[in-house]
**Q** 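Mind looking over this structure? Questions follow.
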Amino acid sequence: MSMKNNYLLFFLALVLAVVIVSVLYLQHNANVSATQNVQFAMESSEVGTARTEGKGVLDKKAAVANMVAEIADSYKGTPYQVEVSYSFLDKNNNVIANGNNTAATSIQFKVVLLDDDGQEQTTSIQTRSLKEVE
């Protein structure tokens, strides 16, 4: 009888391990997906265009509106709530305060995915350098 109990305990431990690994894998998959979605959105947005083509000056409001629209579109079919925050950075990677007319050399977006309870599921932070954003 004790041999059956040992096998049962081993089997339960194995099932528990598989469940834990599966949950961790799904969390990792969500992190990778979030990062890839933000990268794709940045590359396909006006911010990405300004960066790759070196247009020169880009309106900050237009850059943010376009980027948020791209991010919202990429998460449209997911069960998560999406929070987006952003900062413009100067040439020394210092955050440019609102109302400051300093030209930005990069833009940083933080995308947080929340479940139905408001618990943070994953976070993605992307920084893209630009020629100049005013």
Side-chain angles (χ1 to χ4, degrees):
M1 186 72 172
S2 69
M3 193 66 132
K4 287 183 181 181
N5 287 338
N6 287 341
Y7 284 124
L8 180 63
L9 288 176
F10 176 74
F11 178 73
L12 290 175
L14 185 63
V15 168
L16 181 63
V18 167
V19 168
I20 289 172
V21 168
S22 297
V23 168
L24 293 175
Y25 173 76
L26 291 173
Q27 182 65 39
H28 172 72
N29 193 26
N31 289 338
V32 170
S33 176
T35 301
Q36 288 174 344
N37 283 343
V38 172
Q39 286 175 342
F40 176 74
M42 285 192 142
E43 290 169 4
S44 65
S45 70
E46 188 174 341
V47 174
T49 303
R51 179 175 175 259
T52 57
E53 294 179 6
K55 284 183 181 177
V57 177
L58 178 66
D59 180 40
K60 287 182 182 178
K61 289 181 182 178
V64 170
N66 196 3
M67 191 60 216
V68 169
E70 290 282 343
I71 291 171
D73 189 47
S74 67
Y75 287 105
K76 189 173 11 181
T78 66
Y80 300 110
Q81 297 173 21
V82 180
E83 285 185 359
V84 178
S85 59
Y86 63 92
S87 300
F88 289 98
L89 306 175
D90 64 13
K91 63 183 177 183
N92 297 321
N93 288 331
N94 296 320
V95 175
I96 298 174
N98 284 343
N100 188 341
N101 290 332
T102 304
T105 57
S106 59
I107 185 170
Q108 183 177 61
F109 282 89
K110 178 180 178 183
V111 179
V112 179
L113 299 182
L114 305 171
D115 63 10
D116 292 335
D117 298 330
Q119 297 293 324
E120 184 176 311
Q121 293 300 305
T122 187
T123 301
S124 177
I125 299 173
Q126 293 290 318
T127 303
R128 292 290 183 191
S129 62
L130 303 167
K131 186 168 184 173
E132 184 176 332
V133 178
E134 288 187 353

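Worth knowing before you read on, the calculation uses all heavy atoms, side chains too, and leaves out hydrogens, waters and symmetry mates. Starting from 1, each residue takes its place in the sequence as its number.
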**Q** Remaining members of L14's ILVMFWY cluster at a side-chain heavy-atom cut-off under 4.5 Å?
**A** none
**Q** Specify the closest pair of heavy atoms between Q108 and L89, including all atoms of both residues, with the distance to one decimal.
**A**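 In terms of heavy atoms, the two residues are closest at CB-CD1, 4.3 Å.
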**Q** For E120, give me all partners under side chain to side chain contact (heavy atoms under 4.5 Å, CB included), at least two apart in sequence or on another chain.
**A** V112, L114, T123
**Q** List the residues meeting side chain to side chain contact (heavy atoms under 4.5 Å, CB included) with I20, not counting sequence neighbours, and say none if there are none.
**A** L16, L24
**Q** Applying side chain to side chain donor-acceptor pair (under 3.5 Å), can you list everything that pairs with D115, at least two apart in sequence or on another chain?
**A**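 For D115 the side chain to side chain donor-acceptor pair (under 3.5 Å) partners, ignoring immediate neighbours, are Q121.
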**Q** Do any N or O atoms from the side chain of D117 and from the backbone of Q119 form a donor-acceptor pair under 3.5 angstrom?
**A**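 Pair absent, no side-chain N/O of D117 close to backbone of Q119.
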**Q** Using the side-chain contact (heavy atoms from CB on, under 4.5 Å) rule, take F88 and V95 through it: C-alpha gap first, then chi angles, then the decisive distance, then the call.
**A** CA-CA 6 Å; F88 289 98; V95 175; over 6 Å; no
**Q** Are Y25 and V23 close enough that some pair of their side-chain heavy atoms sits under 4.5 Å apart?
**A**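 Counting from C-beta outward, Y25 and V23 never come under 4.5 Å.
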**Q** Tell me every residue that passes side chain to side chain contact (heavy atoms under 4.5 Å, CB included) with K91, counting only those two or more places apart in sequence or in another chain.
**A**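 By the side chain to side chain contact (heavy atoms under 4.5 Å, CB included) rule, K91 matches T105.
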**Q** To the nearest 0.5 Å, what is the distance between OG (S87) and CG (N93)?
**A**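 Here the interatomic distance stands at 11.5 Å.
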**Q** Applying side chain to side chain donor-acceptor pair (under 3.5 Å), can you list everything that pairs with E83, at least two apart in sequence or on another chain?
**A**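 Partners of E83 under the side chain to side chain donor-acceptor pair (under 3.5 Å) test: none.
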